[in-house]
Amino acid sequence: MKDTAAQNTLELLVHGVGGTTPEEMLDDPRTVRVTGDDTAAVFRRIDDVDAEERPAAEHGEAPVPEAYVWCNLTSGNGSRALWLLLLPFMVVNLAHWMRPTSEGRRLRTVRLYGLLVRLAGLSLTVLLVAAACEVALDLAAWQCAGTPACAERHTWLGFLSPSGSGDGWWSEPGRRLALAALVPSALTGLLWYLSHRTWSAYESQPPPPGTDGEGTGTDGEGTGTDGEGGETYHSALGRPGFWYGRRLVARLRAAHTAAAFLTVTAAVGTAAAREDRRPGGPALLDALAPLFTLAYVAGALVVVWVVCRRGRTENRLDHELDRALVRRLPVGSLVLLALSLVYACCSRPEWRSAGRLPGDRVFGALTLTQCLLVVALAVVAHVLHRTRPHPRAALRGLAGPAVAMLACALGGVMSGGVAQRVSDWLDGTRRTLPGPPVLLTWQASVIPPLLLLLLVVVALLARRTLRVRRAEAAEVEREHPAEPAEPADAARTRRIATARAMAGLTDLAPRVLGIVAVATLLLGAASLLGAELTEEVPGDAAEGAPAALQGAADTTQACGSWLIGVGFLLFVTWGRRAYKDPSARRTIGILWDVGTFWPRAAHPFAPPCYAERAVPDLTWRMATWTRATGGRLVLSGHSQGSVLAAAAAWQLEPSARRRVALLTYGSPLERLYGRWFPAHFGPAALSALHREVDCWRNLYRLTDPIGGPVRLPGDCGPEVDRAPLKDPLAYGRTALHPLPAPILGHSDYQADPAFAEERRLLLARLRPEVPGPRPIEEGPRPVGKTPSALRRGPVEEGDDPPQAPGSSGRSSG
């Protein structure tokens, strides 16, 4: 039986974005879950459950297929559609990982890059909570409840409105603000709960014991170590602690929670303190005002210090937590909030709410801070890129700052959109309320010019696509010369050429992002300058100007408000539809597949990182197979699954990694990840992966908008990329394809005969002299048909035996 096990070969299939079913992956309606749970699991065909126990002659040279299904990590139950609200946090977290490749001596610069992104993430948390305060405290409790006409239209605010005699207990502004502060406080509590809950469900999976993560460097920010010529490079994705960021997430969660509570505290306490500083106020409250102000400032400094003090620890598994900090910082800020609410509820009979709530300039300060952070981040990214230029890096290393700018813009649009819509709902067309801060109206007014710029960019892209399509049509005609008995099909040629031209638009995404980011930065700075200089909305500020300028200001202001309303309505509608419609929820899941691959390094309230569950799952499965059987393994990944496969291969021990063959198809490893995340998927990292696995082949099509060649530089051994696959498989009707063959693009790579051919060649190239299984002690066999490679493993001295996740013999259907 030992020789039989050594001859077995496993093919571990990993699906891509959007997910699929195990029945489709294994091409068999009868599948069984052999390990895992309802969130992510490994499936086999029911006939292959005991493949390790049968002689190799029964299944020939074909590998035993297994399917790892992880789609429920990103598109499971309907509540995950609410993660759309966390979109700005997810985008700013991506900016952290888009750092350019750098030399090892740039360690301080790398840490500065991570620090700036974390500060940008902190500003987004404050912006979100400030927007909630604007809606609940300013618009509802201060303006509408303090205006009798508005309170009469909204009866649910009647108990907060000052009555004719002024004897309502809740009618005083401080008490109204204290009650309304429960809304942003509840939002903060919800974000803290979601972050803590998703960590337990997704990201608390340590790698297998003994995974040494060859190539450990010294950088806590996740850099690799580049030797001369890249010969000693090892990707940071192979470090033991890369997919286990418990300590940093806990610290950031505590800091961001405290920052959110302090924002609410400042919104309530500043207004009360301003009232108490007026002549004639109570002496005791006047003395308390500076103490509360000092407490706000001290709390803010502590939060910034926590965010600045430590980045990621990847060189080892960091099970320790800063328990005192993680517990005391949020609790301390919550206690300060409670004291501030009590302070605001103190009686101030002469206090009246008029105008906007004091402190509306916080939005201007946040906008200025974010602009400065993005500019500083761009300078740091340029310095890093210059030390080790990567010619295909997106925006020459400036992709991170551009994405950070996009995150700040999304946060501003979402915050301003909510404030504008709530103001219009409360006030209607009467214009009896001052409305939201002037800056939010200015920011809404720059949306129409930005959309016009996007329309111009889209028109240029369409023109380029038409030009490329004509060139591709000529190429298609050369590749498929017309047969004498069957003339060329112009419509067919045009469809193939269009698919190729559209697929090429992916490579232009960096330019589009760069144009949008620069325009957003300039328009944001212009809106901030206009709001500060005029202190009026654009339409009022343009009064007395030439008619053309006046008309443009009024038009952009009206259109901006309307566009924000429509966008907010579409956003809510999409989220509601996704909550009820599984197909729409799957579409949102595709977005998260790309956006939440990376750990939460810059923002703890971002959607959870599914790879911190998927990568350990794959690593455990491959490690237990190779250790128990010594067999060969083909790791077969499609699309995003190829990225997970590469990350899992990096996490293996070197001895196990050398027994693995890698087959990728429709892979974005170089085309997207190598260009956008050069520090982790650049040429040096991919070349090192090619040298460390036994063999690697990559398949792609010219019609695929996502997958592409790996493009390894120099002499890296056997060629990785196969020539582009034919798509469609046949131009016209043939004996093998009597009906027109479809244009497959990014899907169904296994339908191409080249897939089976490349898999056969990989199996032939895998070394046949791999060692047999290690001696193991027989234990009681679990109930159900569990493969022996899953229930057996070497017992290391001082370590618990590696146990696979809870196995089950139930069918997925």
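Along the sequence shown, residues are numbered consecutively beginning with 1.
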[X] versus [Y]: any side-chain heavy-atom pair under 4.5 Å?
{"X": "Val403", "Y": "Val92", "answer": "no"}
{"X": "Leu662", "Y": "Leu689", "answer": "yes"}
{"X": "Trp696", "Y": "Leu686", "answer": "yes"}
{"X": "Leu505", "Y": "Leu508", "answer": "yes"}

Ignoring hydrogens, what is the shortest heavy-atom contact between [X] and [Y]? Give both atom names and the distance.
{"X": "Thr31", "Y": "Asp28", "result": "CG2-O, 3.4 Å"}
{"X": "His680", "Y": "Ala236", "result": "CD2-CB, 3.9 Å"}
{"X": "Ile496", "Y": "Pro728", "result": "CD1-CD, 3.5 Å"}
{"X": "Leu763", "Y": "Pro63", "result": "CD1-CD, 3.8 Å"}
{"X": "Pro607", "Y": "Thr596", "result": "CB-CG2, 3.6 Å"}
{"X": "Asp48", "Y": "Arg44", "result": "O-NH1, 2.9 Å"}

Give a yes or no answer on whether the side chain of [X] reaches the backbone of [Y] with a donor-acceptor pair at less than 3.5 Å.
{"X": "Asp37", "Y": "Ala40", "result": "yes"}
{"X": "Asp727", "Y": "Arg500", "result": "no"}
{"X": "Ser667", "Y": "Leu669", "result": "yes"}
{"X": "Arg657", "Y": "Glu692", "result": "no"}
{"X": "Thr624", "Y": "Arg621", "result": "yes"}
{"X": "His15", "Y": "Trp70", "result": "yes"}
{"X": "Trp97", "Y": "Pro599", "result": "yes"}
{"X": "His746", "Y": "Ser639", "result": "no"}
{"X": "Asn93", "Y": "Ala601", "result": "yes"}
{"X": "Thr9", "Y": "Leu633", "result": "no"}

Item to complete: Identify which one of Glu66, Arg632, Met622 satisfies the side chain to side chain contact (heavy atoms under 4.5 Å, CB included) criterion when paired with Leu10.
Response: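 Among the candidates, only Glu66 passes.
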Donor-acceptor pair between [X] and [Y] side chains, under 3.5 angstrom:
{"X": "Tyr731", "Y": "Asp489", "result": "no"}
{"X": "Tyr700", "Y": "Asp721", "result": "no"}
{"X": "Asn72", "Y": "Thr39", "result": "no"}
{"X": "Ser642", "Y": "Thr664", "result": "no"}

If the threshold is 4.0 Å, N to carboxylate O, is there a salt bridge linking [X] and [Y]?
{"X": "Glu479", "Y": "Lys726", "value": "no"}
{"X": "Asp752", "Y": "Arg722", "value": "no"}
{"X": "Arg469", "Y": "Glu472", "value": "no"}
{"X": "Asp507", "Y": "Arg671", "value": "yes"}
{"X": "Arg759", "Y": "Glu11", "value": "yes"}
{"X": "Asp47", "Y": "Arg30", "value": "yes"}

Discussion item. Is it true that, when you exclude Arg492 itself, more than 12 heavy atoms of the residues, nucleotides or ligands shown sit nearer than 6.0 Å to its CZ?
Written reply: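 It does: Arg492 CZ has more than 12 such atoms within range.
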Fill in: Whether over 12 other heavy atoms sit under 6.0 Å from Asp27 CG
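No, the 6.0 Å shell around CG holds no more than 12 heavy atoms from other groups.
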Item to complete: Start with the C-alpha gap between Glu670 and Arg392, add the side-chain angles, then the distance that decides, and say whether salt bridge (charged side-chain N to carboxylate O under 4.0 Å, His left out) holds.
Response: CA-CA 9 Å; Glu670 194 282 335; Arg392 282 183 53 80; 2.7 Å; yes
Roughly how far, to the nearest 0.5 Å, is the [atom2] atom of [Y] from the [atom1] atom of [X]?
{"X": "Leu699", "Y": "Tyr749", "atom1": "CG", "atom2": "OH", "result": "7.5 Å"}
{"X": "Asn698", "Y": "Leu663", "atom1": "CG", "atom2": "CG", "result": "8.5 Å"}
{"X": "Tyr665", "Y": "Arg701", "atom1": "OH", "atom2": "CZ", "result": "11.0 Å"}
{"X": "Leu395", "Y": "Ile515", "atom1": "CG", "atom2": "CD1", "result": "9.5 Å"}
{"X": "Thr498", "Y": "Arg470", "atom1": "OG1", "atom2": "CZ", "result": "11.5 Å"}
{"X": "Leu702", "Y": "Glu475", "atom1": "CG", "atom2": "CD", "result": "8.5 Å"}

Worksheet item: Run the ring-ring contact (aromatic ring centres under 6.0 Å, His included) check on Trp620 and Tyr68 step by step: do they pass?
Response: CA-CA 12 Å; Trp620 272 89; Tyr68 178 65; over 10 Å; no
Worksheet item: Using the ring of each side chain (for Trp, its six-membered ring), is Tyr673 parallel, tilted or perpendicular to Phe677, with breaks at 30° and 60°?
Response: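 Because their plane-to-plane angle lies in the 30° to 60° range, the rings of Tyr673 and Phe677 count as tilted.
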Worksheet item: Which word best sums up how the rings of Trp598 and Phe681 line up, parallel for under 30°, tilted for 30 to 60°, or perpendicular for over 60°?
Response: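 Trp598 vs Phe681 ring planes: perpendicular.
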Practice prompt. Using the side chain to side chain contact (heavy atoms under 4.5 Å, CB included) rule, take Leu384 and Arg99 through it: C-alpha gap first, then chi angles, then the decisive distance, then the call.
Written response: CA-CA 8 Å; Leu384 291 175; Arg99 175 182 56 77; 3.7 Å; yes
Worksheet item: Are Arg494 and Val476 close enough, and set up right, to give a side chain to side chain contact (heavy atoms under 4.5 Å, CB included), and what steps lead you there?
Response: CA-CA 9 Å; Arg494 186 165 54 252; Val476 171; over 6 Å; no
Item to complete: Just do the side chain to side chain contact (heavy atoms under 4.5 Å, CB included) check on Leu761 and Arg697 with the steps written out, would you?
Response: CA-CA 9 Å; Leu761 293 175; Arg697 287 292 275 174; 6.0 Å; no
Worksheet item: Hey, mind stepping through Val14 and Val69 against side chain to side chain contact (heavy atoms under 4.5 Å, CB included) and telling me if it holds?
Response: CA-CA 7 Å; Val14 188; Val69 180; over 6 Å; no
